[in-house]
2 protein chains.
Amino acid sequence: WARAVRGLLLDVSGVLYDSGGDGGVPIAGSVEAVRRIKASGLKLRFCTNETQATREKFVKKLQGMGFDISVAEVTAPAPAAYRILKERSLRPHLLVHNDLVPEFAEIDKANPNCVVIGDAAENFTYANLNEAFRVLIGMEKPVLISLGRGRYYKETDGLKLDVGAYMKALEYACDVQAEVVGKPAKAFFESALAEMGIPPQEAIMIGDDIVNDVGGAQRCGMRALQVRTGKYRPCDENHPHVKPDAYVNNLAEAVDVLLQQL
Amino acid sequence: WARAVRGLLLDVSGVLYDSGGDGGVPIAGSVEAVRRIKASGLKLRFCTNETQATREKFVKKLQGMGFDISVAEVTAPAPAAYRILKERSLRPHLLVHNDLVPEFAEIDKANPNCVVIGDAAENFTYANLNEAFRVLIGMEKPVLISLGRGRYYKETDGLKLDVGAYMKALEYACDVQAEVVGKPAKAFFESALAEMGIPPQEAIMIGDDIVNDVGGAQRCGMRALQVRTGKYRPCDENHPHVKPDAYVNNLAEAVDVLLQQL
């Protein structure tokens, strides 16, 4: 799987670090692995569905853990959604994390004609869900834009429901299909490839999510590895539809193999 | 549609009364309509997916509004779920309204091996949803029992997401299919028919929910009317799959027509 590679797409949470209440902890070997990728001349994009913070804040957190990363290297759902809202003159009702709101500061939000849902975490209250629902059901043609379709993720204090679960609740209540921005949407991976300037055949995605990272990237013609860190569970290896090109114990192991091939 | 009828199944919320923060308001003519049904000799069951209160409390509320109703006349999801739990030796983790908890007082809830979800209302917090999710995902074969699959309902202060939306969130997150107790489950209507001792051909369901009341009852071989009260919306009349045997403006109108036929 490691031959003829010119660029890497790295998922962040669960690959670089394990997130938790007080920020997170780097996964052993990952800080060094990112440094080695950059030194090797391989192209690199950080592809995250993180929607609990602006990219600025997100990158700062990772830098604080020792990672060599900058805002310009991050592909994330909020800026992709922002472009869609602008293009289609949509005025969003936001059901997102407080820390993500600044990404939408420039957008007119009066008299909303769509709902944007992200991983709102503590903002997923009964009242806020009812409010987003009422905005949607009140539209002649409800428009729901979801910043990802993840089922759950792991924090240091346990598994948490991800945005996809709440998206499904609203989809069902309003009999509508959400437009998903972020992994596993094809447009999301394609924009990361365009940013690197390489075709999918020369790129590898490395992630911990069998469906959103591995399945999504493979559908774009890329190879994809699943790490056995983060939300990885042994039963992922029996997934009925998705089979990674390889498993690696962690990012460091993937980088070892890759750099031997260069 | 009114010929050869021996029994009626009445939905409650949206047919007898409109619910709201401080209890609810009878729908005009409904108190008198229930009295006339009983005087006519027609058999009668109140078939509710109400899971925000024990049947005792629920019946007391309706009596307070002037309705002639007793606990023994009510078919509701919680007692049906209780029987399933007993039969299969299931120990539930409950995600339900505080006022429903007494219906499960007799059941062993230690070391849960299933999750029971009802319309938990204010108990649908981020923390409680995550907790129910963790219990489910921790099971080798997750068992999720849902007290209904309603999408939303109307209270005096607006539309609210119903249990079905939260059920979908957990189904998606755990890749599991809930077992639905309550309307539109066939077993639920059949138990109401058994309680009346009549075959489906001689029964009519009257409800405001096109899918859960009308569609569910028709699939059991009953006739079904949709009232234009409660959560009824004009677009229900263009429903792609379900067509009521008739529309009536309200319960009183249905009873007028029925009693003329007797």
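Lettering follows sequence order; numbering is per chain, from 1.
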Visitor: Does A/K61 NZ have over 12 foreign heavy atoms under 6.0 Å away?
Guide: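 Yes, NZ of A/K61 has more than 12 neighbouring heavy atoms, counting only those of other groups under 6.0 Å.
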
Visitor: Just give me the residue among A/M167, A/R151, A/E131, A/R134 that pairs up with chain B most often, heavy atom to heavy atom, under 4.5 Å.
Guide: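 Most pairs with chain B among the choices: A/R151.
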
Visitor: Taking all non-hydrogen atoms of both residues into account, name the closest pair between B/A165 and A/A173 and its distance.
Guide: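 It is CB-CB, 4.4 Å.
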
Visitor: Can you say whether B/N123 sits under 4.5 Å from chain A via the side chain, the backbone, both, or neither, judging by heavy atoms?
Guide: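 Neither part; nothing is under 4.5 Å.
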
Visitor: So for B/C235, is it side chain, backbone, both, or neither that comes closer than 4.5 Å to the heavy atoms of chain A?
Guide: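 For B/C235, no heavy atom lies under 4.5 Å from chain A.
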
Visitor: For residues B/Y126 and A/Y166, determine if any side-chain heavy atom of one lies less than 4.5 Å from a side-chain heavy atom of the other.
Guide: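 Yes, their side chains come closer than 4.5 Å.
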
Visitor: Between B/Y172 (side chain) and A/R149 (backbone), is there a donor-acceptor pair under 3.5 Å?
Guide: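 Here the side-chain-to-backbone pair exists.
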
Visitor: Answer yes or no: does atom NZ of A/K109 have more than 12 heavy-atom neighbours from other residues, nucleotides or ligands under 6.0 Å?
Guide: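 Atom NZ in A/K109 is packed in, count exceeds 12.
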
Visitor: Look at A/I137, A/D162, A/T125 and state which one has the largest set of heavy-atom pairs under 4.5 Å with chain B.
Guide: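 Highest number of heavy-atom pairs under 4.5 Å: A/I137.
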
Visitor: Side chain, backbone, both or neither: which part of A/F133 has an atom under 4.5 Å from a heavy atom of chain B?
Guide: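 Interface part for A/F133: side chain.
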
Visitor: Under 3.5 Å, is there a donor-acceptor pair between the side chain of A/N130 and the main chain of B/L159?
Guide: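 Between the backbone of B/L159 and the side chain of A/N130 there is no qualifying donor-acceptor contact (under 3.5 Å).
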
Visitor: Need one label for B/A121: side chain, backbone, both or neither, based on atoms under 4.5 Å from any heavy atom in chain A.
Guide: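 Contact with chain A: backbone and side chain both.
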
